[in-house]
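Because the structure is a prediction, the values reported are computed rather than measured.
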Amino acid sequence: MKKMNSLLRWLLMLAIHFSMTTFTTNMAAENICKAITIRSIEDFNRMQNCTIVVGNVSIAEFYFTKDMLKTLTAANVKEITDYLLVYRVNGLDSLERLFPKLETIRGADLLFDRYALVLYENRDLQNIGLTSLKHVVDGTVRIAANPNLCFTDTINWISITGSATSFVLKNNKSPNYCPTCLKDKHCWSIGKPQQQPLPSARKKCRSLLGDQHCVDSCTVFVKLNKRECITPRSCHKLGLIPFEGVCRESCPPNHQEENDAQGFRTCKVNCTGNFVVNNESDLKSLTDCEIINGSLTLELFDKKTKLISHLEKFLGNIREITGYLKILRSPQVMSLNFLKKLHVIGGEQLIDKKYALYVVDNYHLEDLWQQKVAILKGRVFIHLNSRLCYEKILQMQPQLKDTSVGNITISDASRHSNGERVICGNNVHELNATVEDYNSNSVRIKVNPMPAEDKHVLIGYIYYYKIAPVRNVTMYDGRHGCGYDDWHMDFSAGKNVRHILTDLRPYTQYAYFVKTLTVTDYHNQVDAYSKVQYFSTLPTKPSPPAKIFHRPLNAQEIEVYWWPPRYPNGAIKYYILTFEAVNENGYSSNCQCSNVLPEESGPTPTDEGYYNREQLTYSEALSNFIYVPVSAKELESRSKERNSTALVREKEDFEKYQHEKEEESLREQDTGSGQFLIPKPKPICQNPKATIQFQKENLCQAREYYEGKKIPGNQHSYKITDLQEEVIYRISLRACVDGLENNCGPAISILAETFSKGVERFLQGIKEN
């Protein structure tokens, strides 16, 4: 009887599989709608006849009255290409009233870049009721804080998401106070069993070509409605435009539509006009621009919105601006290096009929650009940039190509309104920084000591570091003047030349540089920077494989395939796979803790308020000791009294005094590496059966042994054979890195069931026919 039920179940799933294939081949018969946010019953009614929603469906802060529920007609939606959000919806007991036919949530674009299905804080929801849902292709399911919601744990989410780690269920009604599925193993509610699709049907939810082959990306094709790959010619036949891999209705911003030689619609970049950038939306309008036929104004007055990382992305291809460039009141900007390809400012349009480059009131601006930018016509106007050294402005003089302009004058750029808050010129020294020691997540950096005469103005050192896969980083790349940028920042108070950076990612290359933080006074102005240098951390154990899927092949074989670990922490050398049979109650799920990333950098301390100038006393004892004002008569008298032996002794005493001062300064700044130890993995114990006591006494670690099938690190699938029919197996997989002794990370597990012999014969018959 059990085998007969299993056969019927797999036949049902096979029928579902064929119905899904038929569904995807009949796009013309589908009613496709755009994304919709439902805040009223009228919004929902507009979606009733839609079968595919290209975008997301959001139902937020809405109350269903009893009268609404009586007259409500369910929607025909079968597929949502992005995500489904149900947030603070009251009066609704089940989503079956709204989406009884929903089969697939594709997750092409995710909520918060993570979630494909979110049910959150819905007070009256009693069951989920998405009885037709079979696939969440990409993204995570999050169902939380629904106080009356039952049947969340009775659903096989692994079969829907394809992973044991892609769903979060918490703070819903306790299963102890909920009904059970009764005779069904998995159900949406009482009498609503969950339909189990064939694992191979999951691939059918990927993008489809015209001949129904499945692909992960469209490559030479273009994507239609975020779900189907078609040829550019087919896109043209639909009256649409194939551009940048998408079959679209209209051209993107700063592109104009035109017809090609065959009369087909196409898009051509057109960056003409005077562009003003205040936010990310303004930046997107400059995508793909190489020549701006007009002018560009950048005014990022919003300090909180992080736009620095987007500047290079959207402005990094600009080679020429025919008009003027204006950078105004943008405290986020620390340099103009995001215009990395800019070489010409034409000056065909000028500000006040004079200026081609206008840089005013940018509090954190420290640098202009690394390359040479020719200004063909017009002058520069650079003022009120309190951290931009005047010497850097003067370096632009050779780039002014208009012979009528002459030299940069005080009205063009003033020393008194630029660079007054930083140390400039010859007072900026080079700091030598080196990596002394490191492990998988820490590094010890040492800088050269400050000279004794400069040491008293030193407050501490600021260490900047960021992940840098390629060694082409400058100290201004990705820097945000208001903090929280691409660079992490660590401040070391005091004069010690050593410092340890922690919470680094294993097996990762970093760029770093160091600068001093000093007191600025009128007696001694000094600051120092190191060059940008690089280091790489050591490998450590990897995280579990990101996702693991399975596909029964027949009654004795299951194919397993997986995604590599999200945090490999090294070069994956091999995977270890194990499997074991479990009983009907052996269903389990993994609880995994995500890696905690280091805190992002905060704002750099400024001079104002960071220290109390009155607490700093400038000692002039040495100056008074050596340089005592005397009269000419006294000087002559002393000269006569001195003999050559006394002069030599005085010189020796002074040199000895200087040497002692330098030695004392070095001892204060360099206390040795013993206070800054970098932990290293303990060696492997020679005793293969080392007890914990033995490990403690011998300062070693036991060797770890893992049983299972070793699979090469570049292989991401494996066929398990010689299994029993119609048996549930727990399959576990862990990744192991190269270069370590105990090198394997934690395992990820799924449950998989083999076919019965009856289903295997049925499928074989279909294949032969």
Leu286 vs Val277, side chain to side chain contact (heavy atoms under 4.5 Å, CB included): CA-CA, chis, key distance, verdict: CA-CA 9 Å; Leu286 291 162; Val277 175; 3.7 Å; yes
Arg265 side-chain N/O to Gly239 backbone N/O, donor-acceptor pair under 3.5 Å: yes
Minimum heavy-atom distance Gly55-Ala35, with the two atoms named: CA-CB, 3.8 Å
Residues Thr51, Glu30; criterion side chain to side chain donor-acceptor pair (under 3.5 Å); working and verdict: CA-CA 6 Å; Thr51 54; Glu30 302 292 356; 2.7 Å; yes
Step-by-step side chain to side chain contact (heavy atoms under 4.5 Å, CB included) determination, Val560 to Phe549: CA-CA 6 Å; Val560 182; Phe549 310 92; over 6 Å; no
Shortest non-hydrogen contact between Ser543 and Arg566, atoms and distance: OG-N, 3.6 Å
Backbone of Pro552 reached by a side-chain donor or acceptor of Glu559 within 3.5 Å: no
Backbone N/O of Leu85 and side chain of Ser58: donor-acceptor pair under 3.5 Å: no
Whether Trp188 and Trp157 hold their rings parallel, tilted or perpendicular, with breakpoints at 30° and 60°: perpendicular
Least distance between heavy atoms, Arg479 atom then Ile308 atom: O-CG2, 3.2 Å
Ile748 side chain reached by Trp562 side chain, heavy atoms, under 4.5 Å: no
Trace of the ring pair (Phe, Tyr, Trp, His ring centres under 6.0 Å) decision for Phe243 with His255: CA-CA 11 Å; Phe243 185 71; His255 289 75; 5.2 Å; yes
From Arg730 atom CZ to Ile750 atom CD1, the distance as rounded to the nearest 0.5 Å: 11.5 Å
Distance-only polar pair, side chains of Gln332 and Ser330, donor-acceptor under 3.5 Å: no
Residue of the set Leu117, Val86, Leu149 for which side chain to side chain contact (heavy atoms under 4.5 Å, CB included) holds with Ile128: Leu149
Within 6.0 Å of CD in Glu61, more than 12 heavy atoms from elsewhere: yes
Ser732 versus Ser749, side-chain donor and acceptor atoms under 3.5 Å: yes
Qualifying side chain to side chain donor-acceptor pair (under 3.5 Å) pairs, either residue in residues 86-98, two or more places apart: Arg88-Glu121, Asp93-Arg97, Ser94-Asn127, Glu96-Lys192
Intermediate values then yes/no, salt bridge (Lys or Arg N to Asp or Glu O under 4.0 Å), Glu249 and Lys34: CA-CA 12 Å; Glu249 295 179 1; Lys34 294 183 179 180; 3.7 Å; yes
Counterpart residues, ring pair (Phe, Tyr, Trp, His ring centres under 6.0 Å), relative to Tyr63 (two or more places apart): none
Separation between CG of Leu130 and CD of Gln194, rounded to the nearest 0.5 Å: 11.0 Å
Residue pair Glu244 / Asp288, side-chain heavy-atom distance below 4.5 Å: yes
Flag side-chain contact, heavy atom, 4.5 Å: Asn122 against Leu92: no
Asn279 side-chain N/O to Ser281 backbone N/O, donor-acceptor pair under 3.5 Å: yes
Side-chain donor or acceptor of Thr140 paired with backbone N/O of Phe167 under 3.5 Å: no
Partners meeting side chain to side chain donor-acceptor pair (under 3.5 Å) with Ser234 (sequence neighbours left out): Thr231
Exercise: identify the closest heavy-atom pair between Cys271 and Val269: SG-CG2, 3.6 Å
Pairwise side-chain contact, Leu300 with Asn278, heavy-atom cut-off 4.5 Å (strictly under): no
Candidate pair Glu79 and Val53, rule side chain to side chain contact (heavy atoms under 4.5 Å, CB included), full reasoning: CA-CA 6 Å; Glu79 179 177 330; Val53 176; over 6 Å; no
Close side-chain approach of Ile41 and Leu72, heavy atoms under 4.5 Å: yes
Point-to-point distance, once rounded to the nearest 0.5 Å, from CD1 of Ile59 to CG of Asp43: 10.0 Å
Within-4.5 Å side-chain heavy-atom neighbours: His135 and Glu103: no
Any donor-acceptor N or O pair under 3.5 Å, side chains Asp67, Thr65: no
Side-chain donor-acceptor pair present, Lys101, Asn76, cut-off under 3.5 Å: yes
Ring pair (Phe, Tyr, Trp, His ring centres under 6.0 Å) between His236 and Phe264, worked out: CA-CA 7 Å; His236 283 306; Phe264 293 128; 4.3 Å; yes
Non-neighbouring partners of Ser250 that pass side chain to side chain contact (heavy atoms under 4.5 Å, CB included), sequence neighbours left out: none
Residues forming a side chain to side chain donor-acceptor pair (under 3.5 Å) with Arg39, sequence neighbours excluded: none
Donor-acceptor pair, side chain of Asp124 and main chain of Gly91, under 3.5 angstrom: yes
Tyr115 and Phe112 aromatic ring geometry - parallel, tilted or perpendicular at 30°/60° bounds: perpendicular
Spatial distance of atom CD1 (Ile52) from atom CZ (Arg106) [nearest 0.5 Å]: 8.5 Å
Residue list, side chain to side chain donor-acceptor pair (under 3.5 Å) with Asn45, at least two apart or on another chain: Gln48
Criterion side chain to side chain donor-acceptor pair (under 3.5 Å) on Asn146 and Asn172, from CA distance to verdict: CA-CA 5 Å; Asn146 304 283; Asn172 302 298; 3.1 Å; yes
Thr266 side chain near Glu258 side chain, heavy-atom distance below 4.5 Å: yes
Intermediate values then yes/no, salt bridge (Lys or Arg N to Asp or Glu O under 4.0 Å), Asp82 and Lys226: CA-CA 9 Å; Asp82 290 352; Lys226 300 184 180 182; 2.8 Å; yes
Close side-chain approach of Thr754 and Tyr729, heavy atoms under 4.5 Å: yes
Thr154 versus Cys181, closest heavy-atom pair with distance: CB-SG, 3.4 Å
Interatomic spacing from OG1 in Thr161 to NZ in Lys547 - rounded to 0.5 Å: 6.5 Å
Val141/Ser166 under side chain to side chain contact (heavy atoms under 4.5 Å, CB included): CA gap, chis, key distance, verdict: CA-CA 6 Å; Val141 172; Ser166 289; over 6 Å; no
Spacing of OG1 belonging to Thr81 relative to CD1 belonging to Ile105, to within rounding of 0.5 Å: 10.5 Å
Exercise: identify the closest heavy-atom pair between Ala75 and Pro100: O-CD, 3.9 Å
